[in-house]
2 protein chains.
Amino acid sequence: MQAYNYAAPEKETMTGDRRKFSRQDEDTRRADLIAAAVALISEGGPAVATVRAIADRAGVTPGLIRHYFATKEALTRAAYSAVMDAMTEASLKVVAEAPARPEARLAVFVTSSLRPPVVDPAAMGLWAGFLHQMRRDADMRAAHEASYLHYRDLLQGLIADLPRKADAARLRADAIACNAVIDGLWLEGSALPDAFAPGELERIGLASVGAILGLDLAAHLPQEGNTA
Amino acid sequence: MQAYNYAAPEKETMTGDRRKFSRQDEDTRRADLIAAAVALISEGGPAVATVRAIADRAGVTPGLIRHYFATKEALTRAAYSAVMDAMTEASLKVVAEAPARPEARLAVFVTSSLRPPVVDPAAMGLWAGFLHQMRRDADMRAAHEASYLHYRDLLQGLIADLPRKADAARLRADAIACNAVIDGLWLEGSALPDAFAPGELERIGLASVGAILGLDLAAHLPQEGNTA
DNA sequence: TGCGTAATTATACGCTTGCATAATTACGCT
DNA sequence: AGCGTAATTATGCAAGCGTATAATTACGCA
């Protein structure tokens with residue numbers, strides 16, 4: 001009986017005529033569908049991101065998804081790549097806009113990773129949703145590994161620029177360690193938003209990364225008393 | 001047509017008679033069902049842990065699950081609690097068996113958290129599976145928070161015993177930071193088992209926790225050159 | 001302006017899911 | 001030994017899933 005339940009296109013015109021629609025550029029539609037999938041996964045986990053729910057969120061009918069993606073798994077993979085790319089780009093932007101001094105650059109990188117919008121329950125939900133799917137999809141696992149190493153390399157580059165002497169092995173170990181602190185704090189802060197005071201994670205992150213690298217990062221952070 | 005596909009109870013006796021079964025103690029059955037659910041979630045994520053698959057793995061028919069758990073969600077919650085309890089108990093055991101010196105106790109705690117069987121792709125899959133479900137189930141979220149804080153308190157107790165002076169605020173920050181490093185390293189080691197050399201995570205973990213707390217933990221680790 | 005076609009909707013199919021309920025059977029108890 | 005009952009199996013159902021395919025319609029282009 002009931003067909004689906006779309007977003008109820010305004011008034012039921014009583015006459016059983018077709019839904020009005022407008023054609024879209026292919027790239028736009030793909031992006032819309034990916035955005036809808038990402039939103040649903042982050043809100044309710046992979047289970048609620050059904051073909052019908054995604055189509056509904058994107059304002060189209062389910063069949064259209066098949067027109068742009070051969071299978072639902074293909075759409076999921078595309079969504080994952082989109083999220084990863086966005087995160088990487090955001091990190092690069094923070095570094096690009098950072099001050100010139102190496103210590104300040106690293107400090108900005110650390111703190112920006114430990115406050116909203118990076119620290120965010122929805123973002124963690126999205127991440128967890130993809131994570132569990134990685135175990136069965138080799139392509140997605142490879143994408144994850146590449147993304148993780150890329151991020152770590154970025155951090156390692158910032159550490160290498162610091163005025164201190166460390167050989168390659170030490171540099172690698174430091175990058176792994178600093179990345180782990182940041183990841184761990186991000187995770188805890190996102191999973192339990194009320195368990196930490198405002199700014200606490202950033203302070204702890206700066207202190208920890210500083211301790212691991214043997215320098216006082218907090219002292220090099222650009223002033224931020226600005227309340228506006 | 002085909003009923004389900006059970007684990008094929010030996011020979012099809014050709015006569016369409018009932019499956020043989022044996023009655024079990026209630027606690028045993030519950031434990032079996034929980035174990036089956038945990039195994040499936042850790043292997044393939046929540047999606048493959050269907051009522052039928054769980055029953056099959058436990059060697060019973062699907063209907064029995066409803067006899068022990070009012071709903072599938074109740075079984076999932078029970079499985080989550082079981083896993084958390086097991087992890088907590090394992091941590092307590094490691095600490096209980098550890099040497100008397102505070103530094104050595106902490107060192108043992110850190111290294112044991114960063115090698116198998118704690119570091120394990122399947123364990124991470126299980127954890128991720130639960131994590132994404134936490135976002136919709138308030139009861140499960142509360143259970144997670146309690147478990148996280150319990151673990152962190154354990155770590156904080158070990159840190160408090162160290163021969164150094166630190167006020168309460170510093171103690172809390174140190175516990176959060178050390179917990180984050182351990183979590184982050186555990187996560188990365190479990191997600192990308194081939195990205196780290198054997199023993200590398202433990203070494204980095206010891207060095208990082210030591211750096212954060214301002215002492216040389218590796219020097220206090222009980223000798224372990226034992227290759228047998 | 002009207003035609004052609006690709007984008008979009010509509011409908012349907014087979015499968016799986018969680019859950020309900022009825023039929024059976026193993027086992028404790030007297 | 002055999003009865004009673006609770007544990008277990010068997011069967012069925014409605015809903016939702018991903019996907020295939022046919023019918024429509026918006027829009028670029030002559």
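By convention in this document, chain letters (A, B, ...) are assigned in the order of the sequence lines, proteins followed by strands, and residues within each chain are numbered from 1.
Backbone-only contact: Val51(B) has heavy atoms under 4.0 Å from sugar-phosphate atoms and none from a base. Among the protein residues, Tyr68(A) comes within range of the sugar-phosphate backbone only, with heavy atoms under 4.0 Å from sugar or phosphate atoms but none that close to a base.
Residue Thr50(B) places at least one side-chain N or O closer than 4.0 Å to OP1 or OP2 of dT17(C). Applying the 4.0 Å criterion to OP1 and OP2 of dT8(C), one finds that His67(A) has every side-chain N and O outside that range.
When the nucleotides dT24(D), dC19(C), dT9(D) are ranked by their closest atom to the side chain of Thr71(B), dC19(C) comes out on top. When distances run from any side-chain atom of Arg52(B) to the nucleotides dT9(C), dC19(C), dT9(D), the shortest one goes to dC19(C). Side-chain atoms of Arg66(B) lie closest to dA20(C) of the nucleotides dA20(C), dT8(C), dT17(C).
For DNA chain D, the neighbouring residues in residues 22-32 of chain B, judged by any heavy atom under 4.0 Å, are Ser22(B), Arg23(B), Gln24(B), Arg29(B).
One can find a donor-acceptor pair under 3.5 Å joining the base of dT9(C) and the side-chain atoms of Arg18(A).
A salt bridge does not link Arg105(A) with Glu97(A): every distance from a Lys NZ or Arg NE/NH1/NH2 to an Asp or Glu carboxylate oxygen is 4.0 Å or more. Here Glu200(B) pairs with Arg172(A) in a salt bridge; the nearest charged N to carboxylate O distance falls below 4.0 Å. A salt bridge links Glu26(B) with Arg30(B); the closest basic N to acidic carboxylate O contact falls under 4.0 Å.
Between Gly63(A) and Ala70(B), the one whose closest nucleotide on DNA chain C sits nearer the 5' end is Gly63(A).
With rounding to whole Å, Ile65(A) atom CD1 is found 11 Å from dT19(D) atom C1'. Counting to the nearest Å, the C1' atom of dA7(D) and the CG atom of Leu64(B) are 7 Å from each other. Protein atom CZ of Phe21(B) is 5 Å distant from nucleotide atom C1' of dA26(C), rounded to whole Å.
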